[in-house]
Amino acid sequence: MNVVVQKIISSTNEIIRKGKKDKTNVISEMHKALYSIYKSLDDNSDAKNAFPSTLTSPYLFTRNNELKEAKKLYFGKEYSLGI
């Protein structure tokens with residue numbers, strides 16, 4: 001599973017870096033694919049309960065519509081449990 005997830009994330013990041021496709025659509029499709037994989041895992045599996053630290057961090061949009069690596073973001077004041 002880790003290999004597939006890594007390939008999805010790294011391929012998406014490469015598409016974004018090359019700037020050949022709509023970033024919003026590419027990010028959305030990546031998240032749909034990752035969520036689909038997550039939902040297919042057994043609830044008690046180690047893979048579902050721990051995100052491998054060796055995986056490349058996926059890009060997410062910030063509140064300013066900028067792309068940043070997920071590991072560099074945090075929940076802000078807009079989230080009641082955020083800070």
Side-chain angles (χ1 to χ4, degrees):
M1 190 261 328
N2 288 351
V3 174
V4 174
V5 170
Q6 177 63 44
K7 183 66 176 170
I8 290 169
I9 294 170
S10 60
S11 295
T12 301
N13 290 354
E14 185 64 24
I15 290 168
I16 290 168
R17 278 192 283 276
K18 289 183 178 181
K20 293 184 177 182
K21 295 189 178 184
D22 175 46
K23 292 177 183 178
T24 303
N25 188 48
V26 171
I27 296 289
S28 176
E29 292 301 316
M30 176 192 65
H31 286 286
K32 286 178 189 175
L34 294 175
Y35 186 69
S36 176
I37 292 168
Y38 174 79
K39 289 292 286 179
S40 72
L41 298 172
D42 291 333
D43 283 338
N44 294 323
S45 73
D46 289 338
K48 192 164 190 171
N49 294 320
F51 192 82
S53 61
T54 58
L55 288 178
T56 301
S57 184
Y59 282 109
L60 298 173
F61 283 101
T62 67
R63 68 174 69 117
N64 297 325
N65 207 30
E66 299 171 353
L67 283 174
K68 299 272 184 179
E69 291 181 356
K71 67 182 178 184
K72 295 181 180 177
L73 298 176
Y74 60 92
F75 290 109
K77 62 184 177 188
E78 296 86 359
Y79 295 90
S80 59
L81 301 175
I83 299 178

Residues in side chain to side chain contact (heavy atoms under 4.5 Å, CB included) with [X], at least two apart?
X     : value
Asn64 : Thr62, Glu66
Ser57 : Glu69, Ala70, Lys71
Arg63 : Glu78

*Could you tell me whether the side chain of Leu60 reaches within less than 4.5 Å of the side chain of Lys68, counting heavy atoms only?*
no

*Could you give the distance from CG (Asn13) to CG (Leu67), rounded to the nearest 0.5 Å?*
9.0 Å

*Atom NZ in Lys23, atom CG in Asn65: separation rounded to 0.5 Å?*
9.5 Å

_Listed partners of Lys21 passing salt bridge (Lys or Arg N to Asp or Glu O under 4.0 Å), at least two apart_ = none

*Nearest heavy-atom neighbours spanning Tyr59 and Ile16*: CD1-CD1, 4.1 Å

Got a list of side-chain donor-acceptor pairs under 3.5 Å for residues 28-37, not counting sequence neighbours?
| from | atom 1 | to | atom 2 | distance (Å) |
| --- | --- | --- | --- | --- |
| Glu29 | OE2 | Lys32 | NZ | 3.4 |

*Transitive ILVMFWY side-chain link Leu55 to Ile8, under 4.5 Å*: yes

